[in-house]
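Here the structure comes first, spelled out in structure tokens, and everything after it is commentary.
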Amino acid sequence: MKNACIVEAENLFDKMPQRNTVTWNTMIRGYFQNGFFDKAMCSFNQMPERDNFSYNTVIAGLMQCGDVNNAREVFDGMVDRSVVTWNSMISGYVRNGLIDEAIRVFDNMPIRDVVSWNLVIFGLGENDCGEDGIKFFIRMKESDLFPDQSTFTSVFTICSVLPSLDLGKQTHAQTIKTGLNCLIAVSNAMITMYARCGNMQSALQEFSSMPIHDVISWNSIICGFAHHGEGKKALEMFERMRLTDVKPNDITFVGVLSACSHAGLVDQGRYYFDYMKNKCFLQPTSEHYTCVVDLLGRFGLIDEAMSFLDQIRADGVEIPPSVWGALLGACRIHKNIKVGEIAGESILEVEPSNSGVYLILAEMFLSSGRKEDAEKIWARMKGNGIKKQPGCSWIEINNSGHVFLSGDRSHTEFRRICFLLNLLSAEMGTKILKPSNATSEEIRISFVGCYE
DNA sequence: CTAGGGTTAG
């Protein structure tokens, strides 16, 4: 039922000589889908007899509009709850970010099906609890239920976020055993898993093995290459995509433009941005603008970046903070304090608690000998009660995860890691335009924890 | 006939 049709549906419903429960249920769903929550609830209360479908429709509808409490009330008032009823509650809680509630429902339900497990695994993944999601995945396999397409896509996504290449490979093997690796959604998730685990070769191999590609397959491989700084390969894939019938979307161009940015391909970047707007008729988003400013800025074309901002304004768009951020980053590299200050202050107007901006501005002042201005920035930061979040990163090696937090140095291999990092940064220093005079400071890392 | 699950960037 489309929005314009709901009126027509209502007319028919009113004119009907007789209605049954199915008719009422259909009408209620239509009301919810078109945003008429009051009418939906009115019908629900008015209808002569309610079956399980009626309740499930109302719970899902209320959950979809964020009315978690009323959904709970309807649920609590039910006598006969089906698996779908319980799953609707889990789904609703997950959708509204209440993962703990979702798990409580899961724990209490008398019978679970594949969807119940999938919802919990997906929900945990979406809420930064991927490791717990994996635990549920293992428990699921110990039950008498078999993982399906949705299970595997969620698990691959978790593997790509953790990231855990080992688990990803293991899961890959399981999809082959079950034949689910032939499904396009599963393959797509697998490409992203391999890409984000740093294994572009396997990502490409999976991509190449697929008989059919959809826009997500192409986006996954393009963004994968772009993310790894393989700008040329990303663009090669995009050119191959153009030979197919698959239409690129806005995400494709985020990949393409960031590829140009990482590879320093300024002319191509200008061309693809124009191509996106004028040939594909895609409205640029703030991400696209950010990519272009980043591309121009990295290359030192600060003036062109500034006039590009005018072009954005001409589209009737207010410059988003992320665009100013890209410009600020460029100014930092190319030591353009004048524009950098404009960019930084523009961000702070909208995001006064953005600690990174204060630090970059202070650093820029300091490195150009304006110590007093740097101190003013620090004072402002302190005055606003802004603290920097310590940096954190993690990596999986030989089945165990190593988590590093900026500041302390308790990792057992701290000295060896520092030594190797210094070697690496010396190596990189020869390839960067700017000589590595910036950092004689010791690289500070620390060991925080381990997971299995 | 009607109800629950969604993979892509930064």
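In the text below, chain A, chain B and the rest are named by the order of the sequence lines, each starting its count at 1.
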For atom CD of A:Q33 and atom P of B:dA3, their distance in whole Å:
8 Å
Which part of the nucleic acid does A:I216 contact within heavy-atom distance under 4.0 Å: base, sugar-phosphate only, or nothing?
base
Touch check for A:R95, heavy atoms < 4.0 angstrom, all strands: base, sugar-phosphate only, or nothing?
sugar-phosphate
Which part of the nucleic acid, if any, lies within contact of A:D214, taking any heavy atom under 4.0 Å across all strands shown: a base, the sugar-phosphate backbone alone, or nothing?
nothing
Counting any heavy atom closer than 4.0 Å, what does A:F53 reach on the DNA or RNA strands: base, sugar-phosphate only, or nothing?
base
Under 4.0 angstrom between A:H227 side-chain N/O and B:dA9 OP1 or OP2:
no
SB check A:D310 A:R313 (cutoff 4.0 Å):
yes
The correct set of residues in residues 178-187 of chain A placing a heavy atom under 4.0 Å from DNA chain B is A:A185
Determine the contact category for A:T192: base if any of its heavy atoms lies under 4.0 Å from a base atom, sugar-phosphate if only primed atoms, P, OP1 or OP2 are that close, otherwise nothing.
sugar-phosphate
Tell me what A:N52 touches on the nucleic acid: a base, only sugar-phosphate, or nothing, going by heavy atoms under 4.0 Å.
base
Residue A:S82, side-chain heavy atoms: nucleotide from B:dT8, B:dG10, B:dA3 that is nearest
B:dA3
Selected nucleotide, minimal atom distance to A:N20 side chain, candidates B:dT8, B:dA3, B:dC1
B:dC1
